[in-house]
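Below: one structure, written as structure tokens.
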Amino acid sequence: MSVATDERHFPASGMRRFGAVNWLGTWTLYLKEVRRFWKVLTQTVVAPVITTLLYLAIFALSVGSLRPAVHGVPFVEFLAPGLIMMTMIQNAFANTSSSLLISKVQGNIVDILMPPLSPGELNFGIAMAGVTRGVLVGLVTAAGMLPFVAMPIAHLWAVVFFSIGASLMLSLLGMIGGIWSEKFDHLQAVTNFVILPLTFLSGTFYSVDQLPPFAHEITHWNPVFYLIDGFRYGFTGHADGSVQTGVILTVAVNLVLWIVSDQLFRRGYRLKG
């Protein structure tokens with residue numbers, strides 16, 4: 001009697017069976033990360049929007065009528081894009097950093113590492129979820145400001161480019177911070193001593209042209225300055241720095257951060273026990 005032969009072919013051990021990119025797995029990871037912040041929308045979207053609107057109200061009521069126009073732009077209209085960008089980058093950073101750190105602390109980081117996803121696919125799925133939260137918070141914040149502030153768009157390409165580029169930059173930085181951090185104190189230190197100073201000292205609330213020469217020079221070494229300046233240029237048509245430099249710097253920094261976070265995933269740095 002002949003024995004039936006199973007002619008099905010299975011890939012060798014360790015060989016990918018999804019082609020060059022596991023699209024379904026990457027999409028599933030992205031949706032998982034988006035749904036994670038969507039389930040607590042009050043905390044992740046509504047709260048930062050309200051906080052930013054309070055910033056706007058305080059500045060507008062306390063000094064708005066006393067401040068002269070900045071390069072021909074009313075102070076409140078000058079301030080609004082900076083506040084929107086500040087909110088976007090803070091939330092993009094918070095989304096990826098908290099996701100990875102919480103997974104590590106709770107011990108379920110294995111649920112991210114075990115699926116058949118390459119380091120590049122992990123990088124992409126988590127980073128894009130951070131970009132989604134950053135842009136979403138920015139859109140909702142802008143919508144909340146519209147009844148109180150006129151925000152005509154002078155250069156749509158700059159608004160789109162710098163909003164996505166800034167969200168991606170801080171999303172990647174958040175991934176690196178989340179991987180490096182071993183407890184919440186570490187992550188809070190990154191937020192307090194890196195993210196907040198870079199944001200607050202980048203022209204969010206003022207024009208850097210008002211600074212003394214030394215501080216003006218130092219500010220131009222701050223990458224967040226170019227993010228805020230380029231985004232504001234999209235609305236007002238005026239930039240304190242070089243928009244071209246901002247575009248090049250944004251692309252270059254994102255490329256470097258992408259490579260670093262990809263390498264951390266490949267090596268399993270502080271991820272695999």
Side-chain angles (χ1 to χ4, degrees), residues 14-39 44 88-138 160-184 186-187 190-191 194-195 198 223-224 227 247-273:
M15 182 182 297
R16 287 174 63 89
R17 62 185 69 187
F18 303 102
V21 179
N22 183 354
W23 297 107
L24 177 60
T26 305
W27 175 248
T28 302
L29 175 62
Y30 167 78
L31 286 182
K32 176 256 183 190
E33 290 296 307
V34 170
R35 288 169 178 167
R36 188 186 70 86
F37 78 77
W38 191 262
K39 286 185 178 180
T44 56
M88 284 196 292
I89 62 181
Q90 288 178 348
N91 280 271
F93 176 86
N95 197 74
T96 53
S97 59
S98 63
S99 175
L100 289 171
L101 181 58
I102 289 173
S103 295
K104 288 166 60 177
V105 171
Q106 293 179 344
N108 57 18
I109 189 69
V110 65
D111 294 336
I112 296 177
L113 300 178
M114 283 295 289
L117 292 169
S118 69
E121 291 159 355
L122 291 173
N123 213 18
F124 183 85
I126 298 173
M128 289 304 108
V131 172
T132 300
R133 177 173 166 183
V135 173
L136 176 62
V137 170
V160 174
F161 175 83
F162 284 102
S163 60
I164 295 176
S167 296
L168 178 60
M169 185 182 299
L170 272 294
S171 181
L172 292 169
L173 188 60
M175 291 170 61
I176 296 171
I179 293 173
W180 171 79
S181 300
E182 294 183 321
K183 53 185 179 179
F184 289 101
H186 293 162
L187 188 57
V190 176
T191 302
V194 179
I195 305 303
L198 288 177
V224 179
L227 301 177
V247 171
I248 296 173
L249 185 68
T250 300
V251 173
V253 172
N254 277 331
L255 180 60
V256 171
L257 292 176
W258 187 282
I259 293 173
V260 171
S261 59
D262 181 80
Q263 288 300 311
L264 292 178
F265 274 119
R266 290 184 187 278
R267 298 180 182 184
Y269 176 73
R270 293 190 175 181
L271 292 173
K272 300 180 178 180

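Quick caveat: nothing in here was measured; it's all calculated off a predicted structure.
- Between Leu168 and Met128, some side-chain heavy-atom pair lies under the 4.5 Å cut-off.
- For the pairing with Ile259, the side-chain contact (heavy atoms from CB on, under 4.5 Å) check across Leu257, Val256, Leu255, Asp262 returns one residue only, Leu255.
- Residues Asn123 and Leu172 have side chains in contact (heavy-atom distance under 4.5 Å, counting atoms from C-beta outward).
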Item to complete: Walk me through it: do Ile102 and Phe184 pass the test side chain to side chain contact (heavy atoms under 4.5 Å, CB included)?
Response: CA-CA 9 Å; Ile102 289 173; Phe184 289 101; 4.0 Å; yes
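- Proximity of a side-chain donor or acceptor of Glu121 to a complementary backbone N or O of Gly25 within less than 3.5 Å is not detected.
- Counting only heavy atoms from C-beta outward, the side chains of Phe161 and Val251 approach each other to under 4.5 Å.
- Considering every non-hydrogen atom in both Leu113 and Leu271, the closest pair reads CD1-O, 3.6 Å.
- With contacts defined as side-chain heavy-atom distances shorter than 4.5 Å, the pair Val190/Ser97 does not qualify.
- Here the closest non-hydrogen pair linking Ala127 and Trp258 is CB-CZ3, 4.3 Å.
- Looking at Ile195 and Leu173, their side chains come closer than 4.5 Å, going by heavy atoms from C-beta outward.
- For the residue pair Ser261 and Ile176, the shortest heavy atom distance occurs at CB-CG1, 4.0 Å.
- Looking at Asn91 and Phe37, their side chains never come closer than 4.5 Å, going by heavy atoms from C-beta outward.
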Give the C-alpha distance, both sets of side-chain angles, the deciding distance and a yes or no for side chain to side chain contact (heavy atoms under 4.5 Å, CB included) between Trp180 and Leu187. CA-CA 8 Å; Trp180 171 79; Leu187 188 57; over 6 Å; no
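- For the pair Ile179/Phe265, a side-chain contact is recorded, criterion being any heavy-atom separation below 4.5 Å from C-beta on.
- Residues Ile112 and Ser103 approach most closely at CD1-OG, 4.0 Å, considering heavy atoms.
- When Glu33, Lys104, Met175 are each tested for a side-chain contact (heavy atoms from CB on, under 4.5 Å) with Ser99, only one passes: Glu33.
- Rounded to the nearest 0.5 angstrom, Thr28 OG1 and Arg35 CZ are separated by 8.5 Å.
- Thr26 and Leu117 get closest at one heavy-atom pair: N-CD2, 3.6 Å.
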Requested in this report: Output, in order, the C-alpha distance, side-chain angles, deciding distance and verdict of side chain to side chain contact (heavy atoms under 4.5 Å, CB included) for Val21 and Phe124.
Outcome: CA-CA 11 Å; Val21 179; Phe124 183 85; over 6 Å; no
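- Taking both residues in full, the closest heavy atoms of Ser171 and Gly130 are given as OG-CA, 3.6 Å, listed atom of the first, atom of the second, then distance.
- Under a 3.5 Å cut-off, the side chain of Arg36 and the backbone N or O of Asn95 do form a donor-acceptor pair.
- Counting heavy atoms from C-beta on, the side chains of Ile89 and Met169 never come closer than 4.5 Å.
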